Amino acid sequence: QVQLVESGGGLVQAGGSLRLSCAASGRTFSSYAMGWFRQAPGKEREFVAAISRSGVVTYYADSVKGRFTISRSNAENTVYLQMNSLKPEDTAVYYCAAGLNIRPTPETMGAPVTYNYWGQGTQVTVSS
């Protein structure tokens, strides 16, 4: 069982930055691939970024590539999402997710159904 708690969301102007954190409980954090997803009102949940258990492999949605960076600290049981050059279309609730035994491919790590545990989400609002 893994519990995930996101933090770091808020209101920011377009062009600004935010850093999201996701703290995980338990002693097996390094066994999980981690992902960030987001959901805007009236839209389906969409993939943002993912990172493998070791942190060596990362994937990004095309819409955030070059602006967002995912990283993790297995010593601190935390995964981060650094978001730069934010745009109004980045406004959404951001969720982190943990998945066990996930093959590190774009198809598997980008699919919500792959993940076993989800956080409660943190709101990110980007004003124009």
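For clarity, every value in this text was computed on a predicted model and none was experimentally measured.
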Contacts satisfying side chain to side chain donor-acceptor pair (under 3.5 Å) that involve residues 113-122 (not counting sequence neighbours) are Glu6-Gln120

With a 4.5 Å cut-off on side-chain heavy atoms, are Met83 and Val64 touching? no

Exercise: identify the closest heavy-atom pair between Gly110 and Phe37: O-CE2, 3.7 Å

Side chain to side chain contact (heavy atoms under 4.5 Å, CB included) between Gln123 and Thr125, intermediate numbers included: CA-CA 6 Å; Gln123 176 70 46; Thr125 303; 3.3 Å; yes

Given 3.5 Å as the limit, does a donor-acceptor pair link the side chain of Ser25 with the main chain of Gln3, or not? yes

Report yes or no: does Arg53 contribute a side-chain atom to a donor-acceptor pair with the main-chain N or O of Ile102 at less than 3.5 Å? no

Short side-chain to backbone donor-acceptor contact, Arg72 and Gly55, under 3.5 Å: no

Quick check: do Leu4 and Met34 have side-chain heavy atoms less than 4.5 Å from each other? yes

Same cluster (ILVMFWY, side-chain, under 4.5 Å), Met109 and Val56: yes

Tell me, with the steps shown, if Arg38 and Ser63 meet side chain to side chain contact (heavy atoms under 4.5 Å, CB included). CA-CA 12 Å; Arg38 66 187 181 187; Ser63 59; 3.5 Å; yes

In this structure, would Val5 and Ile70 fall into the same cluster of hydrophobic residues linked by side-chain contacts under 4.5 Å? no

Atom pair CG (Leu20) and CD (Gln82), whose distance is rounded to the nearest 0.5 Å: 9.0 Å

Residue pairs passing the ring-ring contact (aromatic ring centres under 6.0 Å, His included) test where at least one lies in residues 62-106, sequence neighbours excluded: none

Inspect the contact between Asp62 and Lys65 and indicate whether a charged nitrogen and a carboxylate oxygen are less than 4.0 angstrom apart. yes

Partner set under ring pair (Phe, Tyr, Trp, His ring centres under 6.0 Å) for Phe29, not counting sequence neighbours: none

With rounding to the nearest 0.5 Å, note down the distance linking CZ in Phe47 to CH2 in Trp36. 13.0 Å

Apply side chain to side chain contact (heavy atoms under 4.5 Å, CB included) to the pair Ser31 and Leu100, showing each step before the final yes or no. CA-CA 7 Å; Ser31 299; Leu100 197 60; 3.9 Å; yes

Quick check: closest heavy atoms across Ser85 and Asp90, and the distance to 0.1 Å? O-OD2, 4.5 Å

Measuring from Tyr60:OH to Leu81:CG, what's the distance to the nearest 0.5 Å? 7.5 Å

Side chain of Glu107, backbone of Ala111: donor and acceptor closer than 3.5 Å? no

Shortest non-hydrogen pair, Ser128 vs Ala14, comes out as CA-CB, 4.4 Å

